[in-house]
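Each remark here refers to the structure printed beneath this line.
Index from 1, following the sequence.
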Amino acid sequence: MTCSIKGQKLLRNPLLNRGAAFTKEERAAAGVRGLLPSAVETLELQAQRAIEQLRSYELPIHRYVYLDTLHNTNETLFYKVVSDYSEEVMPVIYTPTVGEACQKFSHIFQQTRGLFVSIEDKGHVDEILANVDQDDVEVIVVTDGQRILGLGDQGINGMGIPVGKLALYTACAGIAPEKTLPVTIDVGTNNADYLADPLYMGLRHERVQGEAYDELVDEFMQAVRRRWPNVLVQFEDFGNANAFRVLDRWKDNALCFNDDIQGTACVAVTGFFSAMRVTGGKLADQRVLFLGAGEAATGIANLIAQAICDETGETIEEARKRCFLYDSKGLVVASRTDLSHHKREFAHEAEFTKTFEESIEQLRPTAIVGVAAQPNAFNENVIRRMAELNERPIIFALSNPTSKAECSAEMAYRFSNGKALFASGSPFAPVDFNGQHFVPRQGNNAYVFPALGRGATFARSKTMPVGMFLAASRKLAEMVSEEDLANGSLYPSLMDIRPISEEISVAVAEYAYANGLAQNDKPEDLDAAVKASMWTPKY
């Protein structure tokens with residue numbers, strides 16, 4: 001290896017450090033001879049030691065801290081562990097453990113990673129970006145920390161989400177780690193516990209909203225596009241009040257998407273495509289009731305509606321009539337006068353009901369989708385009634401972390417007498433019931449968002465229209481095997497996430513080229529070119 005950094009500085013650089021994998025010749029040339037134990041190890045042997053150490057920690061949060069330390073020490077080894085043990089490691093660096101990590105972010109903080117842009121930096125964002133020593137950033141994940149998972153306002157503690165998401169961009173879809181940048185926009189927090197916590201590391205005042213907030217986000221987006229013109233910006237965990245407005249402002253003007261609105265929708269619609277393979281039905285025949293009416297609910301409902309449009313040729317307005325929302329006040333119907341814009345699209349002519357069970361009785365849905373972080377809202381009565389109304393009821397408990405799930409996998413199978421087609425937002429263990437072995441799989445956004453990013457940035461797509469998300473959904477659904485379906489799995493195994501991401505990345509890039517969105521020439525062998533562009537952890 002050739003490197004201008006030598007000695008102890010080299011061992012402290014996570015992008016360049018190889019630890020005991022430096023050969024004797026490299027140690028002499030790099031000035032680290034004597035600074036390491038004598039043995040020269042392979043990356044595989046280092047990963048074996050790392051996973052052994054990880055497993056020695058009983059508590060998930062301690063495993064998270066260990067992996068964070070490894071991430072800050074040797075990025076190649078970190079990603080080797082994530083890639084080789086993805087099914088074991090992903091729940092630690094992503095949901096559900098990342099939720100606890102965010103809550104404790106200011107207390108477990110060890111080393112800074114990424115960029116913090118505060119309201120106090122307004123007017124100086126270009127200067128802030130100039131401090132980033134990365135000339136070629138391909139993907140940014142940015143949050144303002146207002147609605148982290150189902151945990152609410154986490155302020156700057158929400159930085160755990162962009163860091164975790166970008167780790168999956170690298171591990172799953174081969175975005176080189178030095179080409180990623182996690183960002184938190186700090187405009188304060190309304191979390192009283194954090195404001196009173198002497199160790200909280202963010203601004204100590206309530207959230208700034210309105211014009212000043214919009215000006216800061218606009219300044220950030222403009223500055224980012226000046227510094228890295230082809231960068232993809234993923235908006236993450238913005239509150240409902242800002243998420244739709246920010247996405248509407250930028251979706252047709254920059255390469256960007258909101259994972260909570262569009263990424264969640266993409267993977268959820270895959271679950272519906274898989275469920276239709278089991279039932280033999282069509283999306284147009286479904287009646288879907290959402291527990292929740294925020295970003296995830298409307299995002300999924302709109303993508304279902306778009307898929308129905310593609311299936312039937314009808315208008316989006318007609319297709320939306322298959323989807324109903326239930327919010328904190330009751331069923332969203334046309335007679336209500338208290339609805340925000342994103343809910344009014346799904347305010348249909350129906351009788352207002354105050355309880356979710358009453359809504360089921362009136363609408364007789366074929367599917368219920370939980371995205372409101374209301375634990376056990378899909379109780380025994382709800383699940384049994386869904387099984388009475390449908391031969392194969394679709395029950396998606398998509399809220400996370402696990403403590404916020406609307407029901408467990410065992411509840412879904414037991415109370416439906418094994419009839420439920422189930423997916424969740426957090427992982428659940430296999431369930432044995434009535435002689436059947438069910439392997440419920442998590443409707444994890446990690447199936448799609450890293451591949452969406454790889455495909456879009458490879459083609460240098462101008463924007464990410466709705467068709468791109470449907471292309472990803474359809475490709476993912478194609479990879480669900482008949483054996484998966486027989487075991488109750490509506491998604492393929494996360495153990496195969498790398499080849500899954502490769503296939504989806506190609507489908508997304510293909511969509512960009514086919515629809516005039518790409519800003520470069522299509523390679524003769526797109527499949528080979530996309531896969532060759534993916535970074536892999538090796539020395």
Side-chain angles (χ1 to χ4, degrees), residues 146-147 149-150 152 234-252 256-272 283 286-310 315-334 336-350 352 356 359 363 365 367-374 377 394 396-400 404 406 423 425 443 445 448-449 452 464-470 472-473:
Q146 188 171 13
R147 194 204 61 80
L149 302 176
Q234 176 179 315
F235 300 115
E236 187 68 35
D237 287 347
F238 284 66
N240 288 343
N242 296 317
F244 293 101
R245 187 180 68 259
V246 170
L247 181 61
D248 287 344
R249 166 78 174 86
W250 286 101
K251 66 181 181 180
D252 296 325
C256 65
F257 73 104
N258 183 301
D259 190 46
D260 307 292
I261 298 172
Q262 297 163 293
T264 298
C266 187
V267 75
V269 169
T270 295
F272 275 92
L283 272 180
Q286 306 308 304
R287 189 179 301 105
V288 187
L289 174 60
F290 291 83
L291 178 62
E295 297 167 53
T298 55
I300 298 169
N302 269 311
L303 198 60
I304 289 174
Q306 187 60 56
I308 291 172
C309 290
D310 291 353
T315 66
I316 191 72
E317 291 77 18
E318 285 296 316
R320 285 181 180 135
K321 291 180 181 179
R322 275 77 156 198
C323 297
F324 293 81
L325 310 181
Y326 181 95
D327 66 12
S328 60
K329 296 179 181 178
L331 189 64
V332 173
V333 295
R336 285 179 55 178
T337 59
D338 59 345
L339 301 175
S340 57
H341 172 71
H342 68 275
K343 295 181 186 181
R344 284 198 295 271
E345 293 177 332
F346 296 93
H348 308 313
E349 294 293 341
F352 175 72
F356 192 68
S359 300
L363 300 174
I368 53 175
V369 179
V371 282
Q374 297 295 317
I394 298 169
F396 288 179
L398 299 183
S399 292
N400 54 51
K404 301 292 185 180
E406 288 76 16
N445 288 22
V448 294
F449 72 78
L452 283 163
M464 296 186 75
V466 64
M468 193 172 281
F469 297 94
L470 281 176
S473 290

Taking C-beta and beyond as the side chain, do [X] and [Y] meet within less than 4.5 Å on heavy atoms?
{"X": "Arg287", "Y": "Leu363", "answer": "yes"}
{"X": "Ile261", "Y": "Phe235", "answer": "no"}
{"X": "Ile300", "Y": "Phe396", "answer": "no"}

query = Should we count CD of Glu349 as having more than 12 external heavy atoms under 6.0 Å?
reply = no
Quick check: does any side chain N or O of [X] sit under 3.5 Å from a backbone N or O of [Y], one acting as donor and the other as acceptor?
{"X": "Ser399", "Y": "Ala372", "result": "yes"}
{"X": "His348", "Y": "Arg322", "result": "no"}
{"X": "Gln306", "Y": "Asn302", "result": "no"}
{"X": "His342", "Y": "Ala293", "result": "yes"}

Results of salt bridge (charged side-chain N to carboxylate O under 4.0 Å, His left out) for Asp252 - residues two or more places apart only = none
inquiry  = For Arg249, give me all partners under salt bridge (charged side-chain N to carboxylate O under 4.0 Å, His left out), at least two apart in sequence or on another chain.
reply    = Asp218
Residues in side-chain hydrogen bond (donor to acceptor under 3.5 Å, both in side chains) with [X], at least two apart?
{"X": "Asp260", "answer": "Arg147"}
{"X": "Gln286", "answer": "Thr366"}
{"X": "Ser473", "answer": "none"}
{"X": "Asp327", "answer": "Arg336, Lys343"}

ask   = Can you check side-chain contact (heavy atoms from CB on, under 4.5 Å) on Phe449 and Gln234, steps first, answer last?
value = CA-CA 9 Å; Phe449 72 78; Gln234 176 179 315; 3.8 Å; yes
ask   = Rounded to the nearest 0.5 Å, what separation is found between the CG atom of Asn445 and the OG1 atom of Thr264?
value = 4.0 Å
